[in-house]
Amino acid sequence: MSYLELKERAKSAILKALEKIGIKDVKFDVLEPTVEGIGEVTTNVAFTLSKKLKRPPIEMAKEIVGNMEIDPWFKKIEAHPKGYINFWLSYLEYGEALFERVLIRENYGKLDVGRGRKVVIEHTSVNPNKALHIGHARNVVIGDTIGRLMKRAGYNVSILNYIDDTGTQVADVLVGFLYLGFKKDVERKFDQYCGDVVYIEVNKRFEEDPSLIEKRREIIKQLEVGGPIAEVAREIIDRIVREQLKTCWRLGAEYDLLNWESHILRSGYWNEVFSMLKKRDLVEFVKDGKYKGCWVLKGGEGDEKVLVRSDGTTVYAAKDIPYAAWKLGIIEDRFGYEVFAIQPSGKELWTTKPRRDGKDHPIFNNGDIAITVIDVRQSRVQNFVKLAVKGIGGEGKEYMHLGYEVVALSKDTVKELGMLVKEDKEFYHMSGRKGVYVNVDDILDELKKRAIEESKTRNPEEDEEWLNDVGEKIAVGALRYALLKQDLDKIIVFDIKEAMKLEGDTGPYLQYSLARAIRILEKAGGWEFERGLAKYLDEEEERKLVLLLSKYENAMLEAIVNFSPKRLVKYVRELAVAFNSFYEKCPVLQEEDVIRRARLALVATYVKILSDALQVLGIPILERL
RNA sequence: GGUCCCGUAGCUCAGCAUGGAUAGAGCGCCGGCCCUCUAAGCCGGUGGUCGUGGGUUCGAAUCCCACCGGGACCGCCA
């Protein structure tokens, strides 16, 4: 039995009573009470009626309650003096149904809102010239979690990672290797070396020696059309991408396909899309003014965006349109495909090749929905992409920008990086070029170190390998949780000291709670499902837990339809809090007979639901920590 | 200047979509709890003009308007 059904039940009880009284067409809400001790479901029907019939709410409420039929799910229905009608749940019936649903039924937690539909999600898409910093981690974690949620909703999901291998950022690093004598054989993780050393140094040199910028221009040209430099570059970029992927995998994210910008450029997709845009009159050749000689995409209210410069070259944003069209299957697929790597789960990661070769491959595009996960600074460009895609005919196709606010660094953290700060400025935006950022691997390593220290004192008998595994999982759980727990439209001000916490509102809190529950089942020596146990769950803590557990599918559905991982996170946290209270107040293993078995069923239900939720959130599950 | 986002406890944030009862957590601070399934935990206390002013409403943190403060975007850069 789920909470949604419970609400439905209360609603129909009200409707029946209204019918009996002879009242029709009343709008009202069935709500979750916000205060304690007034039942589990409430409704404001008396308020709306009182307005309509000009009678006091309490009078209406009493009349409705007086005309209600007895329902076994509710043990008490009461008209509150303020005018609410409150329903008290019969836990005996409700708990029984919950256990049966969660513990016995197959497919618990699988929804089907997306059945039969394909969604293509692009996330990560980090320039291949540096290691991932904490801002990229927010993108990866949000994108990955949305992917997991959409899969759970029944969608057929493809996860794409776009590699901009022809941009200035890659070219900067290549300038370093080709003209400034940086060595490619280094001890350090290669992406970190490129970002932390080469990229920053090259950008300093640009200021001293502007002729280097000319060299960069030549590199970019070759990257786009091919040439000897492109050959050397490919090896370097490949190495960086593989190192970046290791970090993403660490975070728990896996992909279906890598899309290379150079392949899109060489595919001829742009010309195809451009002529479609022309045909539909969505672009315009400008004859006068500041954009003279350019082709612009027309937005609403005179807004416009240059797509083709007066010299005939396309701008950066123009590449997004053919890519989006490909994702939604609006243009024919002309890529070839091959396997790029095998990921930690064993799943193949594929990559595009510039030309089709007729070999078998999974279908990565043809989405009904394309979701691009990228921060809010790209909103304007993304809106133009959406407009263009809509215009060239994605009938029933939807292009969606899933935007989120950036991760900035706190004043203290910037100070720790050795930079000068202004006293009145509370946070600083990250900058790869200026070296103002914190690498994901460094954060994970530091979290891991702390987790291992703590775990060692609790598990002195465990060896290095065990501690290492647990430490890594705690670190990942902590970071993913920290990046998912707030709303997408909130700037995260990352503070290194704050981020190192493993207590309170954190990922490890959930992992710990689950481990304790698992331990109870373990020590109980197994348990078996049986009917008629719920009636023995009489304690306040037990009831709260039953009620919350029944809201799980509802919480997941909300997270899915709102593209909001946070909603699931908040629910899970609340659930863990309820379990921890139960854990303190209601001993399981010390009890005997029915109470013990009833509590075991409750614990088992919790373990099943929390494990499931943590999987959806990508927070690693630990049986012990 | 235009568009968008944020503003709730000392700090970090829920609650706002769909108005409803006494505005909730974590961190911090103060005080308790390991005889008992893991104390990364639990319980109690502390702490709030919900940015400001108006409006709508029986009822506003929630909806509307104006203003204030902070941020982002607005290039023939990528």
Side-chain angles (χ1 to χ4, degrees), chain A residues 29 31 33-36 38 42-44 47 50-51 56-57 80-84 86 127 164 166-171 220 261 286 290-296 301 303 305-317 319 375-381 383 403 405-406 408 426-427 429 450-451 454-455 458-459 474 478 485-493 495 498 501-513 515-524 558 561-562 564 566-567 569-570 573-574 576-577 580-591 599 603 624-625:
Chain A
D29 300 308
L31 308 158
T34 50
V35 287
E36 303 214 352
I38 53 167
T42 187
T43 167
N44 59 3
F47 292 103
S50 119
K51 200 170 175 181
H80 190 273
K82 292 215 175 186
Y84 295 93
N86 297 330
N127 274 309
D164 180 359
T166 67
T168 48
Q169 297 204 15
V170 202
I220 293 173
E261 182 162 282
V286 183
K290 64 173 176 174
Y291 293 147
K292 187 179 174 187
C294 300
W295 284 89
V296 299
E301 289 165 31
D303 202 7
K305 172 89 195 144
V306 172
L307 293 183
V308 181
R309 301 184 189 100
S310 53
D311 67 2
T313 57
T314 54
V315 303
Y316 162 82
K319 292 168 209 162
D375 74 58
V376 289
R377 290 173 298 188
Q378 295 292 328
S379 297
R380 187 178 142 82
V381 171
N383 272 333
E405 265 293 355
V406 295
E426 289 308 315
F427 63 85
H429 288 286
R450 283 165 199 251
E454 178 71 28
S455 211
R458 293 155 184 267
N459 304 279
I474 291 174
K485 75 171 177 174
Q486 55 277 69
D487 224 334
L488 300 185
D489 57 17
K490 230 119 194 178
I491 295 174
I492 295 180
V493 178
D495 183 84
E498 200 64 34
K501 297 217 165 113
L502 300 171
E503 290 162 23
D505 189 10
T506 66
Y509 179 91
L510 304 178
Q511 294 172 313
Y512 183 65
S513 177
R516 296 211 290 188
I518 290 173
R519 176 54 69 89
I520 292 174
L521 297 182
E522 218 175 82
K523 287 202 169 171
E558 281 207 1
V561 301
N562 293 295
S564 173
K566 176 207 67 181
R567 297 204 185 214
V569 169
K570 291 291 168 192
R573 157 91 189 159
E574 204 184 335
V577 168
N580 287 353
S581 293
F582 160 80
Y583 184 92
E584 297 289 333
K585 292 243 176 80
C586 308
V588 178
L589 300 178
Q590 286 170 28
E591 293 291 336
R599 286 183 179 170
V603 174
R624 218 146 44 78
L625 65 153

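Just so it is clear: chains get the letters A, B, ... in the order the sequence lines come, proteins before strands, and each one is counted from 1. Reckoned from all heavy atoms, side chains included, excluding hydrogens, waters and symmetry mates.
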Among [options], which nucleotide sits nearest the side chain of [X]?
| X | options | result |
| --- | --- | --- |
| A:Asn86 | B:G71, B:C76, B:A21 | B:A21 |
| A:Phe47 | B:U38, B:G20, B:G71 | B:G20 |
| A:Ser581 | B:C42, B:C76, B:U38 | B:C42 |
| A:Arg380 | B:C73, B:C27, B:U38 | B:C73 |
| A:Val315 | B:U38, B:A17, B:C76 | B:C76 |
| A:Ile38 | B:G26, B:A21, B:C76 | B:A21 |
| A:Lys490 | B:U38, B:G71, B:U8 | B:U8 |

Between [N] and [X], counting only base atoms on the nucleotide and side-chain atoms on the residue, is there a donor-acceptor pair under 3.5 Å?
| X | N | value |
| --- | --- | --- |
| A:Asn580 | B:G41 | no |
| A:Asp505 | B:A14 | no |
| A:Thr168 | B:C77 | no |
| A:Ser379 | B:A72 | no |

Distance-only side-chain donor-acceptor flag, A:Tyr512 / A:Asn580, under 3.5 Å
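On atom types as modelled, these side chains do not qualify, holding no pair under 3.5 Å.
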How is A:Asp29 classified with respect to the nucleic acid when contacts are heavy atoms under 4.0 Å: base, sugar-phosphate, or nothing?
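Nothing, no nucleic acid heavy atom in range.
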Could you tell me whether A:Asp487 contacts a base, only the sugar-phosphate backbone, or nothing, with contacts defined as non-hydrogen atoms closer than 4.0 Å?
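Contact class for A:Asp487: sugar-phosphate only.
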Upstream residue (5' side of RNA chain B) when A:Thr166 and A:Thr42 are each assigned their closest nucleotide:
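Result of the comparison: A:Thr42.
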Would you say [N] has OP1 or OP2 under 4.0 Å from some side-chain N or O of [X]?
| X | N | answer |
| --- | --- | --- |
| A:Lys82 | B:G59 | no |
| A:Lys566 | B:G15 | yes |
| A:Tyr509 | B:A39 | no |
| A:Tyr512 | B:G41 | no |

State the pairing partner of B:G41; accept Watson-Crick or G-U wobble contacts with both distances under 3.5 Å, and report none otherwise.
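For B:G41, the partner nucleotide comes out as B:C33, under the 3.5 Å rule.
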Under the ring-ring contact (aromatic ring centres under 6.0 Å, His included) test, residues paired with A:Phe582 that sit two or more places apart:
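So A:Phe582 forms a ring-ring contact (aromatic ring centres under 6.0 Å, His included) with A:Phe579.
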For A:Tyr84 and B:G20, say yes or no: do the ring centres fall under 5.5 Å of each other while the ring planes differ by less than 30°?
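Check failed, A:Tyr84 does not stack on base of B:G20.
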